[in-house]
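What's counted below: heavy atoms across the whole structure, side chains too, no hydrogens, waters or symmetry copies.
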Amino acid sequence: QVRLVESGGGSVQAGGSLRLSCAASGKTYSRYCVGWFRQAPGKEREGVAAIDTGGGSTYYVDSVKGRFTLSQDKAKKTLYLQMNSLEPEDTAMYYCAATFAGACNLVLSALRTSLYNYWGQGTQVTVSS
């Protein structure tokens, strides 16, 4: 069982930055597909970014490309999502999730919510205009 704990959310003004963290513990393996997802009130959960923790390939939804960046600290089993130039449309609950590494072979699967098995509790991001 993999346990994921997110942190780093908060409230910022438009144009500001936040860095989210996702710490993994439990029965972890060396390679997963780990993604960040978000869900705004009244909307479906959507994939934002994902990384193959072994190969390092990253994927981003078009709306965050150039603004959000994934990175990882393998020794700490922690994934980071650096979010810059935040917009009010980025306001949502952000979740970290993990699944088998093969899901990261294609962008369509890497950002597909239904393929992910392990989920964190989420961290709220609020961006005011």
Legend entry - Contact check, side chains of Y116 and F37, non-hydrogen atoms, under 4.5 Å: yes
Legend entry - Same apolar cluster: W36 and V12, side chain cutoff 4.5 Å: yes
Legend entry - Over all atoms of both residues, closest heavy-atom pair of G9 and V125: CA-CG2, 4.2 Å
Legend entry - Between CE on residue M93 and CD on residue Q121, distance to nearest 0.5 Å: 9.5 Å
Inset, instruction - Of all the heavy-atom pairs spanning V34 and C96, show the shortest one and how long it is. - result: CG1-SG, 3.8 Å
Legend entry - Check: Q82 main-chain N/O paired with T69 side-chain donor or acceptor under 3.5 Å: no
Inset, instruction - Working to the nearest 0.5 Å, report the span between CD of Q72 and OG1 of T53. - result: 5.5 Å
Inset, instruction - Check whether any side-chain heavy atom of M83 lies under 4.5 Å from a side-chain heavy atom of D90, and answer yes or no. - result: no
Inset, instruction - List the atom of A49, the atom of L81, and the distance in Å for their closest heavy-atom pair. - result: CB-CD1, 4.2 Å
Inset, instruction - Decide yes or no for E89 and V127: does some side-chain heavy atom of the first lie under 4.5 Å from some side-chain heavy atom of the second? - result: no
Inset, instruction - Work out which heavy atom in G120 is nearest to a heavy atom in Y95; give both atom names and the distance. - result: O-CD2, 3.7 Å
Legend entry - Same apolar cluster: Y94 and V64, side chain cutoff 4.5 Å: yes
Inset, instruction - Measure across A50 and C104 and return the closest heavy-atom pair with its distance rounded to 0.1 Å. - result: CB-SG, 4.4 Å
Legend entry - Test item: F68 and L20 side chains (from C-beta on) under 4.5 Å apart, heavy atoms: no
Inset, instruction - Can you see which heavy atom on A103 is nearest to which on S109, and at what distance? - result: O-OG, 2.5 Å
Legend entry - From Y60 atom OH to I51 atom CD1, the distance as rounded to the nearest 0.5 Å: 7.0 Å
Legend entry - Nearest-0.5 Å distance, OG1 of residue T113 to CG of residue L115: 8.5 Å
Legend entry - Partners meeting salt bridge (charged side-chain N to carboxylate O under 4.0 Å, His left out) with E87 (sequence neighbours left out): R67
Inset, instruction - Treat each ILVMFWY residue as a node, draw an edge where side-chain heavy atoms are under 4.5 Å apart, and state whether V107 and V48 are in one component. - result: yes
Legend entry - Residue pair P88 / S129, side-chain heavy-atom distance below 4.5 Å: yes
Legend entry - Note, S7 side chain near T123 side chain (heavy atom, < 4.5 Å): no
Inset, instruction - Determine whether Y118 and L70 fall in the same hydrophobic cluster, where Ile, Leu, Val, Met, Phe, Trp and Tyr are linked whenever their side-chain heavy atoms lie under 4.5 Å apart. - result: yes
Legend entry - Hydrophobic cluster identity match, L79 and L18, side-chain contacts under 4.5 Å: yes
Legend entry - Donor-acceptor contact below 3.5 Å, side chain T126 vs main chain S11: no
Legend entry - Spacing of C22 atom SG and E6 atom CD [to the nearest 0.5 Å]: 5.5 Å
Legend entry - Gap separating the CZ atom of R19 from the CG atom of N84, nearest 0.5 angstrom: 11.5 Å
Legend entry - Pairwise salt bridge (charged side-chain N to carboxylate O under 4.0 Å, His left out) hits with a residue in residues 39-58, at least two apart: R31-D52, R38-E46
